[in-house]
Amino acid sequence: MIDQKKVMEPPPPVDDGWWDSVLAEEERYKPFTPPRSPRDGNEKSKNVDKAVDRGAKQDNSQEKTAPDWTRIQRLFHGDEIVNLIVTGFNRGGLLVEGEGLFGFVPFSHLVDLAGSELADRDKALGEYVGRTLSLKVIECVPEDGRVVFSERAAQAEPGRRSKIFGSLQPAQKVAGTVTNITDFGVFVDLGGVEGLIHISELSWGRVAHPSQIVSLGQEVDVLVMDIAPERCRVALSLKRLHQNPWLSIEQDLVVDQVVPATVTAVLSYGAFARLDVGVEGLIHASEMPLAEGRIVKDILTEGQRLDVRVLHVDAAHQRMGLSLRLNNEQTN
């Protein structure tokens, strides 16, 4: 659902370098690199071995066949659905072919696997070999020889993408559903087009993993940062719907003030904790009542709620020192 309400402050411009960095996880696996064999000295599933062998053959055949870029671009611009057969895979996704076409389906764009944590990704992908998938072209770059398909995008009717891109604009607030959570960010379905919230755009505080902020299937309001219809990309932000709390933190907090917080990370030298106002600070081990022989993990866990005392605030560098010694007692 598209909400026409705008946010006062426009988002910063997003360039190709930004897109390249936020999609680095999927870019690592190029469409036609040789599939990685799951053999490790012990014979694994025959389905996986077969998939790797067929995938290697597919790579060889593709070297002899030039893509039909005219048809690929027609499918892309028309937002059409096409049925292709899975011929191989690598850890990034599936190799597909059919009707004179061939390309790549990233793991995150598979309906049944996106958002799942697999003990054996090779086996799960190998089981797709020989299946026919309904797909849409979500990216075609002739100069790079790159054709990317999506099974998730094909869940929306043909032509839906064009309508959505026609209604989107930067600085617009839109509603969507979280469809996939990766290490580098979150994919959100906007009703037929998926946008990406990079991990750096989830919160004004530090985020160890996107799953700390959102969950699969969650309905979220997001801000449109950038739109690239020609590459079917929408850059989104969750944090920019709210004012940067660091801008007013020095007025909101004073040194020695005691405030509630949530532990977000436990390390050997201390722990990070997020205050309810949205900023995060470091509790150094020296500011914890640790008995001799005990370590930080003995007294703190991620997600734990506690009270902390503000030691110092450096808004310019977005840093804050916190203490578990609430009464300003001195370290022995």
Side-chain angles (χ1 to χ4, degrees), residues 1-27 79 106 108-109 111 114-115 136 138-139 148 150 152-153 155-156 160-247 262 264 274 276-280 318:
M1 178 179 178
I2 304 298
D3 183 346
Q4 297 298 330
K5 185 168 67 174
K6 301 292 186 64
V7 175
M8 294 298 293
E9 183 179 347
V14 174
D15 58 21
D16 288 340
W18 188 91
W19 278 115
D20 289 342
S21 65
V22 300
L23 294 177
E25 182 66 20
E26 290 189 22
E27 290 288 337
D79 193 30
S108 62
H109 283 268
V111 172
K136 282 186 179 180
I138 60 171
E139 186 173 343
V148 181
S150 170
R152 286 219 309 270
Q155 302 300 296
R160 177 65 176 166
R161 181 177 66 202
S162 298
K163 294 179 181 178
I164 293 179
F165 273 113
S167 64
L168 290 176
Q169 52 187 308
Q172 184 178 7
K173 178 183 176 182
V174 297
T177 304
V178 175
T179 54
N180 193 24
I181 301 175
T182 71
D183 291 340
F184 61 88
V186 175
F187 288 93
V188 177
D189 178 21
L190 304 178
V193 168
E194 283 190 320
L196 172 67
I197 312 174
H198 185 245
I199 188 172
S200 64
E201 291 295 328
L202 285 169
S203 171
W204 290 109
R206 191 182 61 88
V207 179
H209 192 273
S211 60
Q212 292 180 332
I213 306 298
V214 299
S215 57
L216 205 60
Q218 180 180 342
E219 301 290 329
V220 293
D221 289 332
V222 291
L223 176 72
V224 177
M225 293 180 60
D226 183 69
I227 308 164
E230 71 283 357
R231 305 194 77 173
C232 198
R233 292 177 177 177
V234 183
L236 304 172
S237 176
L238 191 63
K239 73 180 186 182
R240 295 181 191 277
L241 289 177
H242 312 281
Q243 183 180 359
N244 184 350
W246 286 104
L247 297 178
T262 302
T264 56
R274 180 178 291 113
D276 291 349
V277 293
V279 299
E280 194 174 53
Q318 298 191 2

Compare every heavy atom of [Y] with every heavy atom of [X], then report the nearest pair and how far apart it is.
{"X": "Leu236", "Y": "Glu201", "value": "O-CB, 3.8 Å"}
{"X": "Ser237", "Y": "Met225", "value": "CB-SD, 3.5 Å"}
{"X": "Val186", "Y": "Pro210", "value": "CG2-CB, 3.6 Å"}
{"X": "Trp204", "Y": "Trp246", "value": "O-NE1, 3.8 Å"}
{"X": "Ile138", "Y": "Ser150", "value": "CG2-CB, 3.6 Å"}
{"X": "Leu168", "Y": "Val174", "value": "CD2-CG1, 3.8 Å"}

Taking side-chain hydrogen bond (donor to acceptor under 3.5 Å, both in side chains) as the definition, give me every residue that meets it alongside [X], ordered by chain and number, with sequence neighbours left out.
{"X": "His242", "result": "none"}
{"X": "Asn244", "result": "none"}
{"X": "Ser203", "result": "none"}
{"X": "Glu280", "result": "Arg206, Thr264"}

Quick one: [atom1] on [X] to [atom2] on [Y], what's the gap to the nearest 0.5 Å?
{"X": "Ile199", "Y": "Ile213", "atom1": "CD1", "atom2": "CD1", "result": "8.5 Å"}
{"X": "Arg233", "Y": "Asp226", "atom1": "CZ", "atom2": "CG", "result": "10.5 Å"}
{"X": "Glu194", "Y": "Gln155", "atom1": "CD", "atom2": "CD", "result": "10.0 Å"}
{"X": "Glu219", "Y": "Thr177", "atom1": "CD", "atom2": "OG1", "result": "3.5 Å"}
{"X": "Gln212", "Y": "Arg274", "atom1": "CD", "atom2": "CZ", "result": "6.5 Å"}

Checklist entry - Hey, does the side chain of Lys239 reach the backbone of Ser200 with a donor-acceptor pair shorter than 3.5 angstrom? => result yes
Item to check | NZ/NE/NH1/NH2 to OD/OE distance under 4.0 Å, Arg160 and Asp79 | outcome: no
Checklist entry - Is any side-chain heavy atom of Val214 less than 4.5 Å from a side-chain heavy atom of Leu238? => result yes
Checklist outcome for this item: Across all chains, not counting sequence neighbours, the side chain to side chain contact (heavy atoms under 4.5 Å, CB included) partners of Ser211 are Ile181, His209
Checklist entry - For Gln243, which residues count as a side chain to side chain contact (heavy atoms under 4.5 Å, CB included) partner, sequence neighbours excluded? => result Leu247
